[in-house]
Amino acid sequence: MQWGQIKTLFILCFLILDLFLLQQFLTKTDDAELEQLDENTSAAEQLNLENIDTSDIPEEQPPMAFINGRRADFSEEDLNALDAMEGIDPSLYNKNSLYVKFEEPIPVEAEDEGEEIMDKVEDFVLYDDQYSYWGKNDEHQVILFFQKNNNSTIYFNESGLLMFLVEEGEITGYYQTRLGDIEKESEKSELLQPIQAVYQLYDNGEITSEDKITDMVVGYHSQIQGDSNGIQVFAPTWKITVNNKDIHFVTATTEGRILEVNENEFITKALETAGIVSPQDDNQAESVQEPDSESAQEPDNNE
Amino acid sequence: MNFETLKSIILFILIMLSLFLTVALWNYQPSHDRVEDDLGVNTDVGGLEQKMTDVVQPSNIVFHNIGGDYGFKDPKDEALFYQKMQNWTLYNFQPVESGFPEGQVMSEVVFPTGLPISTLSSIFTVSEEEQEIGLPAGNFKHMLFVLDESTESITEVRFISRDGENVVRAQIQATDAFADLISHHRSLENKQELIKYENKNTRIFIPKNEVTMTDHYISVDPVKVEPLTNALFDDVSRVKKSKRSDDTTSFSDYDSEMRIAEDGNSMKLEKALFGKGAILDDYELITESLAMVNNHKGWTDKYHLFDVTDYQVSYRMIYDGIPVLSPSRLSEITVQYRQEELYRYKRPLIDIVDVYADEEREIVLESGERVIDVLENTTSINQNTIQDISIGYRFIPSNPGKQNVFYTLMPAWYVKHNGKWENINEKLDAVQLSKGADQDAMGSN
């Protein structure tokens with residue numbers, strides 16, 4: 001009888017204790033969320049104050065894994081597939097850098113972008129669906145495509161590049177490298193939230209009042225491209241377009257660092273490693289190539 | 001009965017729930033707050049931590065007498081005496097007109113590189129009032145105690161920059177300072193005569209006569225790479241190791257790369273960060289780089305601060321008080337910053353562990369007089385680019401081209417020009433031959 005009463009008492013005590021603990025636990029989780037929310041609101045307020053338009057940025061970014069990979073060799077099958085294509089003259093360096101010359105240059109319209117360009121050349125390109133359009137560079141007369149991994153672009157990497165060479169509005173050939181053995185890290189990393197990434201740009205003076213963020217997507221980038229044999233580690237990276245023209249990259253890691261990416265330098269370097277001299281200096285273009293008189297004369301004929 | 005059982009079950013559940021909630025409450029960590037994760041990771045490469053006073057050491061202490069200049073024969077005596085000096089209190093700093101004082105009895109402390117005046121409060125004793133006011137801006141490489149024998153006092157202390165342009169004077173407060181200094185000026189048995197070499201950028205004192213030293217046969221241990229990667233990368237789990245085509249081993253993540261030389265004896269870290277921020281001044285460069293290396297207990301041997309230029313700080317390995325001057329990759333720790341961020345870090349990955357004293361041989365080095373004479377007649381070295389002249393050691397592997405455990409530290413004459421130390425023993429030998437012939441010719445005249 002007495003034991004029964006004690007039990008009732010204990011049940012009451014523990015009920016109260018549990019309620020208290022539960023309440024504590026809930027406030028603690030709330031606090032943590034609020035803290036992050038606070039950070040975001042203060043960044044948003046600051047940007048608002050400067051009239052920086054952030055209405056188009058994604059709301060929130062779920063955790064994402066880092067990836068790593070190394071430059072892949074083109075396999076026997078790849079080469080057989082290339083041989084089967086008509087009208088091209090492929091050459092391979094170090095098994096992993098492919099240079100293809102079109103026997104018949106393919107004209108592209110000045111206003112052609114992404115899909116339209118790829119539609120015209122896809123029959124001559126391996127793995128064409130693994131690359132996404134980046135843009136044209138008039139200075140170097142090239143069209144850049146970057147390799148994708150699960151729909152996220154790997155920006156400016158010499159080992160995941162598809163670069164078409166243009167002369168007089170016609171594609172004369174391309175240079176291609178591929179990243180292979182791409183592994184995802186098992187653990188996903190908390191990413192820098194979009195508003196924080198934009199705030200980094202503002203904080204570093206990359207954007208000023210009245211600017212508008214017109215596009216913002218997450219992709220991958222590695223600042224260590226090292227050696228073509230080495231494994232590269234890619235960090236999730238924000239690509240932020242401002243006013244439809246300026247493009248900035250901010251690592252989506254929690255530190256949020258602004259990257260300095262120079263397209264022209266990148267192309268110059270890629271052309272150099274590919275052993276291709278920019279088509280502007282057309283006479284040297286052939287000398288780098290293996291002596292192959294027929295196709296080598298193509299550019300001259302076009303002039 | 002049934003009701004009692006039910007109560008027991010409810011009680012049991014409640015107790016369990018309270019336990020569970022307590023544990024959950026203790027363990028709950030906001031998910032974005034994982035900074036403390038890497039506690040307990042080993043970042044100790046097995047060296048020491050060093051303070052500013054440990055790494056900032058003079059390259060030379062010179063006693064200027066009317067009859068000539070003298071310095072310690074044994075670097076150990078020099079280090080001891082310098083240690084004593086550090087207790088003397090300095091006060092009343094003020095900038096004065098430029099130039100080196102001449103023709104007086106003076107004691108001069110020469111440092112390997114120009115140091116910001118602000119380092120003085122870390123390496124000497126500076127009076128408290130003075131620290132509050134703040135030390136004057138500027139840079140010094142020479143520290144001169146001007147002595148007045150008639151009043152038995154130190155007239156003043158002068159801090160003079162490399163080129164003599166920037167001069168700050170101070171007073172000194174120490175009862176025994178004058179007596180200590182003057183006793184060294186008068187007792188010359190543990191001293192050697194020095195000779196001065198001067199150009200428009202520098203003023204150097206080196207032994208006037210031949211110097212007898214010994215070489216040292218030593219063995220080294222490799223510095224562990226794992227704690228180093230733990231210390232230098234943000235997240236080691238992300239770091240990938242690969243072999244490069246030049247046979248170096250590379251550890252890299254998305255913004256940093258550490259390369260280990262083919263023989264495993266040196267490494268180079270480079271961070272591809274584009275930090276925007278304040279540029280570090282020389283004083284901050286020294287403190288930051290010290291802290292960075294201390295962080296992983298990276299002072300595996302004795303190193304002295306040897307150079308601060310272009311946001312880069314270099315520390316030289318010191319053996320028995322004598323710097324090891326070549327090859328640099330085995331004897332120099334350099335830390336370079338871009339803005340406030342660590343940019344490059346190069347260091348040897350060897351640690352001297354054993355010395356085989358019975359293998360030592362006596363080595364006689366040319367006299368400083370001849371060194372200067374030869375330098376003045378060597379066309380390949382522009383006189384005005386000479387920054388320093390010193391005796392240093394050279395690492396000679398016992399088994400060239402392979403992985404080495406045994407090395408000989410061979411003393412030699414070195415000249416620093418264009419920021420690089422060059423072993424000039426060959427030049428001395430070469431000139432000796434032609435010079436000998438010249439002198440014969442002169443003699444016959």
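Note that the structure is predicted; figures quoted are calculated from it, not measured. Letters go in sequence order (proteins before strands), and every chain restarts at 1.
Only the side chain of A:Glu185 comes within contact range of chain B, with at least one heavy atom under 4.5 Å from a heavy atom of that chain. For A:Thr8, the parts lying near chain B are the backbone and the side chain together; criterion is any non-hydrogen pair under 4.5 Å. For chain B, no part of A:Thr237 is nearby; none of its heavy atoms comes within less than 4.5 Å. Looking at A:Phe66, the atoms closer than 4.5 Å to chain B (heavy atoms on both sides) all sit in the side chain, from C-beta outward. A:Asp18 touches chain B through backbone and side chain together, each having a heavy atom under 4.5 Å away. For chain B, the nearby part of A:Leu17 is the side chain; its heavy atoms alone come within less than 4.5 Å.
Residue with the most contacts toward chain B among A:Phe10, A:Tyr220, A:Phe14: A:Phe14 (heavy-atom pairs, distance under 4.5 Å). Ranking B:Leu21, B:Val239, B:Asp246, B:Ile13 against chain A, the residue ahead of the rest is B:Leu21, based on heavy-atom pairs under 4.5 Å. Highest contact tally toward chain A, considering only B:Ser237, B:Ser245, B:Ser250, is held by B:Ser245 [criterion: heavy-atom pairs under 4.5 Å]. Chain B forms the most heavy-atom pairs under 4.5 Å with one residue out of A:Thr29, A:Leu22, A:Leu21, A:Ile11, and that residue is A:Ile11. Residue with the most contacts toward chain A among B:Lys7, B:Glu270, B:Arg238: B:Arg238 (heavy-atom pairs, distance under 4.5 Å).
A:Phe74 meets the ring pair (Phe, Tyr, Trp, His ring centres under 6.0 Å) test with no other residue; sequence neighbours excluded. Under the side-chain contact (heavy atoms from CB on, under 4.5 Å) criterion, B:Ala231 pairs with B:Thr43, B:His296, sequence neighbours left out.
In this structure, a donor-acceptor pair under 3.5 Å is present between the side chains of A:Asn137 and A:Asn264. Between B:Tyr315 and B:Ser289, the side chains place a donor N or O and an acceptor N or O closer than 3.5 Å (distance only, hydrogens not considered). Counting only N and O atoms by type, the side chains of A:Arg71 and A:Ser97 include a donor and acceptor under 3.5 Å apart.
For an aromatic pair to be called close, the ring centres must be under 6.0 Å apart, and A:Phe234 with B:Tyr254 fails this. Checked against a 6.0 Å centroid threshold, the rings of A:Tyr99 and A:Tyr175 do not count as neighbours.
Atom CD1 of A:Ile213 sits about 8.0 Å away from atom CG of A:Leu47, to the nearest 0.5 Å.
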